[in-house]
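Below: one structure, written as structure tokens.
Each chain gets a letter, A, B and so on, in the order its sequence line appears, and its residues count up from 1. Side chains are part of it too, since the values below use all heavy atoms of this structure and drop only hydrogens, waters and symmetry mates.
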Number of protein chains: 2
Amino acid sequence: MPQSAQTAQPSPPAPAPAPRRVADATRERLLSAAAHLFSERGFVATSMRAVTQAAGVSVSAANYHFGSKQALLEAVCEHHIALLNARRLAALDAVADRFATSAPPLEEVLRAFLGPLFEPSDPGLQQCSRAIAARLYSDPPEVAWELRETLFGPLRLRMLALVARALPEADPAQLGLALQFTVGAMVHSVSGNLEPVSGAAGSASNDAWTVELMIDYCAAGMRAVATRTALGGTR
Amino acid sequence: MPQSAQTAQPSPPAPAPAPRRVADATRERLLSAAAHLFSERGFVATSMRAVTQAAGVSVSAANYHFGSKQALLEAVCEHHIALLNARRLAALDAVADRFATSAPPLEEVLRAFLGPLFEPSDPGLQQCSRAIAARLYSDPPEVAWELRETLFGPLRLRMLALVARALPEADPAQLGLALQFTVGAMVHSVSGNLEPVSGAAGSASNDAWTVELMIDYCAAGMRAVATRTALGGTR
DNA sequence: GTCTATATGTTGATAGAC
DNA sequence: GTCTATCAACATATAGAC
């Protein structure tokens, strides 16, 4: 976004594809190390020293590139969550387009909302993105609240609108609550809290059917709330 | 536990009900202050200084009574969660007794599991217990994992067994996953993440119908998972 | 039992050499 | 750009006076 007229390099063909710019490499290494540590131990429990040590640079280098720990955190989250949410928003838009006139099937809406979280698009990066997204819901409000609302607010509103179209008879307020239940189930699953109860050995292809089960669970839950609304149980 | 033969004071009738023992009062003030701070800002983000300052005592007093920050944390959790889980276990046992021969209704099981979390038994203490329980699911694993398993493990196993009896046709592994979705929705709601989407002004009597909605949602979700199992979708 | 004083380590952030 | 050196503030925990 900042450099708009600089997308392609003008004159030098840049023959060697090797170490482009050292500064960029450092910045990237810091982002990667921070992402891993933040996702594993949370934001507050991760020190700048741990991050810079894992990245193989000094603390000052990190502060030069990002200015503060909070800024580094925000950069990491934006980097990971933006990609993730872009896919989720695109999937929701696709469903909205396919069902522009009729009510979209609730399962399709939920698949668009939940699916991208579990798709193994990138090998190591994806697992990180999930955990970071989950951390945004668990770490202390004063550090994560604003960031969470910025990153997830629009997506949640879009989702709520689409769910309301899928269940037109439901009271919007109750649907909002049902959506929060859904988000809770999602966050808890993504946080890696699944193992203790189910054996859950191979987390490799396991994700695919976890999503399917989750879609069924949440769709049925939402329909139950909608039905309760339709029966006059608004209060 | 340490003082077993000292439960009741022997000879003096203790006429004044006022300041019993100063030491006990300090210990209690520390527990209360720690509970509030832990529930609001999480364990790692709360310092001993903050706790002791809020309690009006010195840091050494806290370390005298509890020995370490982790021990204080465990004392706080045990104090709050034990009460909470005792009520939940009792409710589950009551359901199991009432339906000793036949399959218990899923809604009854869920109400026993979820209801005590939202009952306003104690005015200020209850809100704290909820938030602390939620923190145990969100704070970094290295501080909360063991404690969480100790406190919630037995309850979860009891719950899973009862759910399996309510839905005999379901595959236990899938039921376990469905139970995790339920726990996720519960934790997220208890964490106070409800407001941003629903207006949710009066949290006073609001809780009652939040539970009802949640029971409907989770029961429908679990039944959907059980039905999918019965249809042969085990894998 | 509770305090003051202190030991010892870590935190996030900065100044200035290179 | 990246480092070393250093800062003040804070952390947990302990020793010893009262």
Exercise. Given that both pair distances must be under 3.5 Å and the pair must be Watson-Crick or G-U, what runs of three or more consecutive pairs involve DNA chain D?
Worked result: C:1-7 with D:12-18, C:9-18 with D:1-10

Which value, rounded to the nearest 0.5 Å, describes the distance between [X] atom [atom1] and [Y] atom [atom2]?
X: A:E40; Y: A:I132; atom1: CD; atom2: CD1; result: 10.0 Å
X: B:R111; Y: B:R88; atom1: CZ; atom2: CZ; result: 14.5 Å
X: A:L160; Y: A:L155; atom1: CG; atom2: CG; result: 11.0 Å
X: B:L114; Y: B:E119; atom1: CG; atom2: CD; result: 11.0 Å

Problem set entry | Exceeds 12 heavy-atom contacts within 6.0 angstrom, atom CD of A:Q70 | yes

For this session: Answer with yes or no whether the side chains of B:T182 and B:Y217 bring together a donor and an acceptor at under 3.5 Å.
Result: no

Grab the [atom1]-[atom2] distance between [X] and [N] for me, whole Å please.
X: B:E28; N: C:dT2; atom1: CD; atom2: P; value: 12 Å
X: B:F43; N: D:dT12; atom1: CZ; atom2: P; value: 14 Å
X: B:Q70; N: D:dT12; atom1: CD; atom2: P; value: 12 Å
X: A:L72; N: C:dT11; atom1: CG; atom2: C1'; value: 15 Å
X: A:L30; N: C:dG12; atom1: CG; atom2: P; value: 14 Å
X: A:R41; N: C:dT11; atom1: CZ; atom2: C1'; value: 14 Å

For this session: Please list, by residue number, the residues of residues 49-66 of chain A whose heavy atoms come closer than 4.0 Å to an atom of DNA chain C; answer none if no residue qualifies.
Result: A:R49, A:S60, A:N63

Problem set entry | Test: A:E149 and A:R156 ion pair at under 4.0 Å | yes

For this session: State which residue, out of B:L136, B:D139, B:V44, B:T46, fulfils the side chain to side chain contact (heavy atoms under 4.5 Å, CB included) condition with B:F38.
Result: B:T46

For this session: May I ask you to verify if any side-chain N or O of A:T26 is less than 4.0 angstrom from the OP1 or OP2 atom of D:dT2?
Result: yes

Exercise. Counting just side-chain N and O atoms, does B:S47 come under 4.0 Å of either OP1 or OP2 of D:dA11?
Worked result: yes

For this session: Can you label the angle between the A:F152 ring and the A:Y137 ring as parallel, tilted or perpendicular, going by 30° and 60°?
Result: tilted

